[in-house]
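Worksheet: the structure to be examined is printed underneath.
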Amino acid sequence: MINLDTSQDLNPLEIITIDGPAASGKSTLGQRLAQALGYLYFDTGVMYRALTWLALQQGISMTDEETLAALAEKVPIEVTPPSKEDGRAYDVWIGNQDVTWAIRQPQVDDNVSIVSLYRGVRQALSAQQRRIGLRGKVVMVGRDIGTVVLPEAGIKIYLDASLEERARRRCAEMQARSQNVNYEEVLQSIRERDRIDSTRDIAPLRPAEDAVYIDSDGKDIDQIFEAAMQIVCSRQKQSS
Ligand code: DC
C-alpha cells in the first residue's frame, strides 16, 4: 500500500471502487454511478493506457522496465471534461496532445498489461490515483483500487462477466467507433490480458475481501446500475 496521509474528515462511504477484468462494464457502471451521486468518475486504466501509447510512440521497448518507470514518473496525463461530441465521456491529454481515442487502439490493448506489470510504473501511477481518491466523492475504476490503491474505501464492487460476453461487448464498442473487428482476435486479446492482469506479482486483479461481487452476464446496464445503487444506498443508510 502507498503511504500518504489520509484526510481526517474523509468519509470512506464517499469512496466507491469498481474493480474487474477487461470489458466487464466497469466504465459504463462507474460513469452512471458517478453521475447519479454527483461524484467524480475516474478510470485508472486510462493512465496505464496513456503511458503505453506514449512508450510505443517513442519506440521504447516493452521490456525496458527502467525507462518505462522513469516515463511514468514524468508523463503529464490529464483527464478533463469532454471537449467534443464524438462519443467520448472525457478527454485524455498527454501535454497538449489529445490521446482520447489513440489509447483505445488494439496496439495499446496488446501491450498495456505488460507495461502495468512493472513496480516503478505502478508506484508512480497508483500514487497519483490515491491522491485523487482521497479527496472523496469519487467512483474509481480499475483492477487494484479496492485492494491496493484505496483499501479504506467504504464501498467496493467487483464487476465480472464471462470471457465471451466481454469479447462481444468489446466488439460492439469497436464497431460503434467504426474500427475493424474480428471476434476471435478480440477474445484472444482479452484472454491474454486477463492472464497477465490476474497472475502478476504486484497488485494482481482480484476482488477485495470486502467487495460485493456482481456477475453482469445476462444483465443489461440498467440492471447492473440498479444492483450497484442498492449496494451504495444500503451501505450509506446503515451508517447514517
Ligand atoms: O480498464 P482498462 O482495460 O482500460 O485497463 C487497461 C490495462 O491497465 C489493464 O489491462 C491493466 C492495467 N490496469 C491496472 O493494472 N491497474 C488498474 N488499476 C487499471 C488498469
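Note that these values count all heavy atoms, side chains included, but never hydrogens, waters or copies made by symmetry. Every number for a ligand or one of its atoms is a count from 1 in the order of the listing. The first residue of the sequence shown is numbered 1, and numbering continues consecutively from there.
For ligand 1, one of its N or O atoms has an N or O atom of D197 under 3.5 Å away. For ligand 1, the polar-atom distance check against S113 finds a nitrogen or oxygen pair separated by under 3.5 Å. For ligand 1, the polar-atom distance check against D43 finds no nitrogen or oxygen pair separated by under 3.5 Å.
Among R49, M140, R104, the residue whose heavy atom sits closest to atom 4 (O) of ligand 1 is R49.
If you check which protein heavy atom lies closest to atom 6 (C) of ligand 1, you get R193 NH2, 3.5 Å. Scanning the protein heavy atoms around atom 19 (C) of ligand 1, the nearest turns out to be T44 OG1, 3.4 Å. Residue, atom and distance of the protein heavy atom nearest to atom 13 (N) of ligand 1 are Y48 CD1, 3.6 Å. The protein atom (non-hydrogen) at minimum distance from atom 5 (O) of ligand 1 is R143 NH2, 3.5 Å. At the shortest separation from atom 16 (N) of ligand 1 among protein heavy atoms lies R122 NH2, 3.0 Å.
From M47, atom CE reaches atom CD1 of I103 across 11.0 Å, with rounding to the nearest 0.5 Å. With rounding to the nearest 0.5 Å, the separation of CG in L40 from CD1 in I15 is 11.5 Å. Atom CZ of R169 is separated from atom OG1 of T28 by 8.5 Å, given to the nearest 0.5 angstrom.
In this structure, D86 does not pair ionically with R177, as no charged nitrogen and carboxylate oxygen lie closer than 4.0 Å. Ion pairing between a basic and an acidic side chain is recognised when a charged N comes within 4.0 Å of a carboxylate O; R88 and D98 show such pairing.
Distances from ligand 1 to the non-hydrogen atoms of M47 include no value under 4.0 Å.
Each of the following atoms of ligand 1 lies closer than 4.0 Å to a heavy atom of G142: 18 (N), 19 (C). Heavy-atom contacts of D144 reach the following atoms of ligand 1: 16 (N), 17 (C), 18 (N) (cutoff under 4.0 Å). For ligand 1, the atoms sitting less than 4.0 Å from at least one non-hydrogen atom of G45 are 4 (O), 5 (O), 19 (C), 20 (C), numbered in the order shown with element in parentheses. Which parts of ligand 1 touch R200 is read off a 4.0 Å heavy-atom cut-off, strictly below it: atoms 14 (C), 15 (O), 16 (N). When each atom of ligand 1 is checked for a heavy atom of I145 under 4.0 Å away, the hits are 18 (N). When each atom of ligand 1 is checked for a heavy atom of S116 under 4.0 Å away, the hits are 8 (O), 11 (C), 12 (C), 15 (O).
Between the side chains of D64 and T67, a donor-acceptor pair is found at a separation under 3.5 Å. Using a 3.5 Å distance cut-off with no hydrogens or angles, the side chains of S162 and D217 do pair a donor with an acceptor. S216 and D160 form no side-chain donor-acceptor contact under 3.5 Å, judged by distance and modelled atom types alone.
Just one residue in the list T80, D43, T100 forms a side chain to side chain donor-acceptor pair (under 3.5 Å) with Y90, and that residue is D43. With respect to K156, the side chain to side chain donor-acceptor pair (under 3.5 Å) criterion is satisfied by exactly one of D210, D19, T17, T147: D210.
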